[in-house]
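In what follows, a structure is listed as structure tokens, so that the remarks can point back to it.
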Amino acid sequence: MDVSPLPYGVIVQTPSDADNLFETTAAGYYPRERTKTLFEEIRASITNNSNDDRSFWRPVLPWGGVYSIKAGKKAMACTPLYVRISLKNTCTIDGFLMLLYVILSENENFRRELSTYLGREFVERFLFLMDSYKFTTVKLLWIWDKMEKCQYKSKVHKASLEIDLFGNEHENFTRNLENLMSTIQETFCSNGRCPAGVQEDQRKTIIIYPSQDSLLGDVIQAAVDELFCPRIELCEELGCNGQREFTQRIFCHDAPPFVILNMQQWKSEELAYVPYSLAVAEHRYLLEGATLFNKEEHHYSAAFMIDGNWMHYDGLRNENLVLLNKPPELLLLSSLVYVRDQELIKGDLYDSKMKRWLYKTT
């Protein structure tokens, strides 16, 4: 953490202060004993819900946040003795943090794999803080551990540090996971004199552009196939009449535990028609949730599934976790989150998808 903007002598009890959050043993850090997790309470509320009351009993991961900081002995001149950190416009990370918590809580394989990328200690702290309802600390954990300082604005006002996360969720959250989803594809031209020769195309995101096609699931799968599957096209290099072969696109660091599709603001009503299963580079990914965008308020929220039920999370509302009977209206679909299934896709199914692009020419 960069503490330079804080008053001299101030000690920040950050979320990385493991002694406050975990019991220390010879084997490492372990969460202090607790009765029921937040996820278990949310799941129980779904089972016990009624048509009259479809919301969770208390706010979860509310918008913004205030974090108190204890002044140290050297801060004799500091007035007051307690300063604070104020968070603003946190919806650009809130929705993904909520999705991350739900998936980590219900999927042991996902938790184990993601710990390899994010760090086991980070994942354990994240889950413990969420289950302890320390929501502001959860956000600071992400900001200081995973984000770069250039991704947010900060300023000191008297004895308070203000951090503003206004912007785009893809810049504030998914950008920090791009190495997970990095892919590469090689291309070769059949013309030995082609000035472009051999090229490499590296991508860090998967973007699905809006379409007028009513079969939304086919559109999404077709767009993923076009990005990953091998194909042959006429070379676009000036003066070249050869054919350019595109090899199968592969992940740079093996298949990630999840993929995030940038949906470029599709209508949220189409959430009911997105594919629950997606074939990506010989692996099957299953739909877990989505982030949504309110254009008028410039505000992000999220929807996720628990036991086949859709819930809508909106940190800006008083009742911010609500069981849905239909997709939320008047919102735009910002991202889709898919988690990798443990089984590989059968070869004949994937081969048939590749053949759709192998002989494509323009």
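All residue numbers refer to positions in the sequence shown, counting from 1.
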Listed by chain and number, what are the side chain to side chain contact (heavy atoms under 4.5 Å, CB included) partners of [X], not counting sequence neighbours?
| X | answer |
| --- | --- |
| N318 | none |
| E288 | I103, E106, V339 |
| L97 | L61, I93, F126, V138, K139, W142, F173 |
| E108 | R111 |

Strictly distance-based, threshold 3.5 Å: is any side-chain N or O of [X] a donor or acceptor partner for the main-chain N or O of [Y]?
| X | Y | result |
| --- | --- | --- |
| Y133 | L38 | no |
| T291 | S334 | no |
| Q151 | E171 | yes |

Please tell me whether H312 and F304 form a close aromatic pair, meaning their ring centres lie under 6.0 Å apart. no
Nearest heavy-atom neighbours spanning [X] and [Y]:
| X | Y | answer |
| --- | --- | --- |
| C240 | C189 | SG-SG, 3.6 Å |
| V66 | T136 | N-OG1, 3.6 Å |
| Y338 | L287 | CD2-N, 3.3 Å |
| A303 | L292 | CB-CD1, 4.4 Å |

Are L87 and I143 close enough that some pair of their side-chain heavy atoms sits under 4.5 Å apart? yes
Do Y152 and N172 have side chains that get closer than 4.5 Å, going by heavy atoms? no
Who are the salt bridge (Lys or Arg N to Asp or Glu O under 4.0 Å) partners of [X], not counting sequence neighbours?
| X | value |
| --- | --- |
| E237 | none |
| E40 | none |
| R244 | none |
| R112 | none |

Do M181 and M147 sit in the same hydrophobic cluster, where Ile, Leu, Val, Met, Phe, Trp and Tyr count as joined when their side-chain heavy atoms come under 4.5 Å apart? yes
Same cluster for V322 and W63 if Ile/Leu/Val/Met/Phe/Trp/Tyr side chains link at under 4.5 Å? no
Show every salt bridge (charged side-chain N to carboxylate O under 4.0 Å, His left out) that has at least one partner inside residues 331-340, sequence neighbours left out. E113-R340
Between CG on residue L104 and CG on residue L114, distance to nearest 0.5 Å: 5.5 Å
Throw together a table of side-chain donor-acceptor distances under 3.5 angstrom for residues 159-166, partners on residues two or more places apart or in other chains.
from : atom 1 : to   : atom 2 : distance (Å)
S160 : OG     : R84  : O      : 3.4
D164 : OD1    : N89  : ND2    : 2.7
D164 : OD1    : F166 : N      : 2.9

Just wondering, more than 12 heavy atoms not from E296 lying within 6.0 Å of its CD? no
Residue pair D307, I46: steps toward the side chain to side chain contact (heavy atoms under 4.5 Å, CB included) verdict: CA-CA 9 Å; D307 299 333; I46 296 175; 5.8 Å; no
Could you list the donor-acceptor pairs under 3.5 angstrom formed by side chains in residues 250-262, with sequence neighbours left out?
from : atom 1 : to   : atom 2 : distance (Å)
N262 : OD1    : H170 : NE2    : 3.4
N262 : OD1    : Q264 : N      : 3.1
N262 : OD1    : Q264 : NE2    : 3.1

In the hydrophobic clustering that connects Ile, Leu, Val, Met, Phe, Trp and Tyr at side-chain heavy-atom distances below 4.5 Å, which members other than F188 occupy its cluster, ordered by chain and number? V198
